[in-house]
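What you are looking at is a predicted structure, and each value in this text was computed from that prediction instead of being measured. We use all heavy atoms of the structure for the numbers below, so side chains are in, but hydrogens, waters and symmetry mates are not. Every chain is numbered from 1, with letters handed out A, B, ... down the list of sequences.
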Number of protein chains: 2
Amino acid sequence: MDTLETRELRYFLAVAEELNFGRAAERLGMAQPPLSRAIQQLERRLGVPLLARDRRGVALTEAGEVLRHEGRVAVDAATAAARRTRRAAAGNDGSRTRLVLAVKAGDSHDLLRRLLGAYAAEPDAAEVEILPSGTCEQGKMLRDGRADVALMHTPFNSLAGFDSEELVTEGQIAVLPARHPLAARSHLTLAEVRDLPDLPLARWARDGVHPPGPGPAITDQTQLAQLIALGRTVAVYPDSARAWLWTEHAAVPLTDAPPVVTHIAWPAHSRSLALAALVRTATRL
Amino acid sequence: MDTLETRELRYFLAVAEELNFGRAAERLGMAQPPLSRAIQQLERRLGVPLLARDRRGVALTEAGEVLRHEGRVAVDAATAAARRTRRAAAGNDGSRTRLVLAVKAGDSHDLLRRLLGAYAAEPDAAEVEILPSGTCEQGKMLRDGRADVALMHTPFNSLAGFDSEELVTEGQIAVLPARHPLAARSHLTLAEVRDLPDLPLARWARDGVHPPGPGPAITDQTQLAQLIALGRTVAVYPDSARAWLWTEHAAVPLTDAPPVVTHIAWPAHSRSLALAALVRTATRL
DNA sequence: CCCTGTGATACCCCACAGGTATCGCGCCGT
DNA sequence: ACGGCGCGATACCTGTGGGGTATCACAGGG
């Protein structure tokens, strides 16, 4: 009566994201008619219209918008339950506990190295698997159980819903082509690097789509690094990005960029001893 | 394959809590054999034994323990999704948005009155429904969608998994029978009120069961208040509990009790404007 | 020793998730 | 104006599996 099945939620989420029954059905690996029916049934069960069917496509009602968010959380929680249960059993079959740590590839490299080193030295440390995650996806990794713990960076990642400890604060730098005039400066402001006509900011793919604009379209950090080295663009990064700079890159501190704080974050209700030990190690670095 | 149905989770949780298939089935309103089968199927699907069947009852394996916690979260999230979706639609049918505020009955009474007063004066304030919740149940109310926002008190409630703002900090008092010798003291310590032979601490029901001990068994605050007035027990409460003291009660500050901090807390991912306004009002009190 | 309480098995049934075929209907092109 | 196309809804069929009842197997306890 008042608890939705994850199947219903998965179906609804597919439709809510595609806004098209046919494509949603395809994504779910099923035919379109049963999907239509399932959604109608869901709406009847809830007594609430979720979709406004306009003859050429579908739009979410306000209630549908709510379910899109709440449903995502619930489905993630259900898949996290499955993943973590499986892993709990796998970790208990004689091998050591295994922790999955999500990090944004390339970020906080030095911190990460020190953390892993210090933790490995702990008595009965768990095995730590590094899960390189895409742009700002650590939160999702934690929510759906692919990761147990993550390094996250405010203000880019939201820590909402997680427990976390602050680790380090760092300034930001502009990463410029080494031969660019501004590369010689001792410091810069955000305004000076934004809107440079010769170095338009790159456009990161978001859900596979590039936002419009003048800059080059990129999907990973190597592309960005190369484009900077080629003198085509500029990027703003936390100080620790110096770890992966090329010789053809120049780093210039930004005086007015918001400081970036690296946190170690984990699901709020976690009760893992290995995780607690890792967090303790991290805060003591 | 890797996402569990809430039905399976509900079944498992019932068994995990009852540790008895028969009673669990009864609680679920179904017969025992299908429940047995469903759990076996769940174990096969996960490839993980969840329950250790001893001939006289059932115990949770380590993986089962994990699923008990993760599953609870997931099921709560699913029912929250249903509740909040329904309420979103109900609030959109012409009537005003409605916020449900969970508070522990009796606690922070004055703060609550001021909050409601100040918020009602706001332009386009939502209607606020007060949901009196049992002992420390506000967290569950937020998780399963019965409430949108709660007043919570550390260190009694855990704020893990919620966004929150600190509101007020207060000391704690011993609530004594007015005619008790200690009632005349200007202050006391925890050690002095614990283990008083003539005033044993009351035993609150937890899940319907009273822990063992010498004190009287109680299930609500009125019972407690009466027993104190009758000179049978003593209680420790935050300072704001003075609001509901009887004339036959005496309040004596405790010098070494941990301070109680009242927070306003809400689900981390909430995007409700009405909620944001309520929180803003609360922090400005 | 039988009785009681436990979970597992055996067997049956029908409700419903899912498939295929088709419809109704706006929108497009020409 | 008209036929084709893309969309979601409807009609109808089928098979799986969730749920029921009856029963078993077995460990303790009087």
Does a nitrogen or oxygen in the side chain of A:R53 sit under 4.0 Å from OP1 or OP2 of D:dC7?
-> no
Considering residues at least two apart in sequence or located in another chain, which fulfil the side chain to side chain contact (heavy atoms under 4.5 Å, CB included) criterion with A:P34?
-> A:M30, A:A31, A:R37
What residues, two or more places apart in sequence or in another chain, satisfy salt bridge (charged side-chain N to carboxylate O under 4.0 Å, His left out) together with A:E5?
-> B:R10
What residues form a side-chain hydrogen bond (donor to acceptor under 3.5 Å, both in side chains) with A:D220, not counting sequence neighbours?
-> none
Does B:T219 have any side-chain hydrogen bond (donor to acceptor under 3.5 Å, both in side chains) partners at least two apart in sequence or in another chain, and if so, which?
-> B:Q223
By side-chain hydrogen bond (donor to acceptor under 3.5 Å, both in side chains) - contacts of B:Q41 (at least two apart) | none
Applying salt bridge (charged side-chain N to carboxylate O under 4.0 Å, His left out), name anything that partners A:E26, two or more places apart in sequence or on another chain.
-> none
For residues 5-28 of chain B, which residues have at least one heavy atom under 4.0 Å from DNA chain D?
-> B:R7, B:Y11
Taking atom P of D:dA9 as reference, at what distance in whole Å does atom CD1 of A:I39 sit?
-> 9 Å
Starting from the first five and the last five pairs of the helix from C:dC1-D:dG30 to C:dT30-D:dA1, work out the angle between the resulting helix axes, to 10 degrees.
-> 10°
Protein N or O to nucleotides 10-16 of chain D N or O, pairs below 3.5 Å:
residue: D:dT10; atom: OP2; partner: A:Q40; partner atom: OE1; Å: 3.2

A:M30 atom CE is separated from C:dG19 atom P, nearest whole Å, by 6 Å
Donor-acceptor contacts, no H, no angles, side chain residues 65-75 of chain B, under 3.5 Å, sequence neighbours left out:
residue: B:H69; atom: ND1; partner: B:E65; partner atom: O; Å: 3.1
residue: B:E70; atom: OE1; partner: A:R84; partner atom: NH1; Å: 3.2
residue: B:R72; atom: NH1; partner: B:E17; partner atom: OE2; Å: 3.1

Whole Å only: how far is the CG atom of A:L42 from the P atom of C:dC16?
-> 15 Å
Taking only residues two or more places apart in sequence, or in another chain, which ones meet B:R146 in a salt bridge (charged side-chain N to carboxylate O under 4.0 Å, His left out)?
-> B:D144
Contacts of A:A276 that satisfy side chain to side chain contact (heavy atoms under 4.5 Å, CB included) - sequence neighbours left out = none
Working to the nearest 0.5 Å, report the span between CZ of A:R23 and CG of A:L35.
-> 12.5 Å
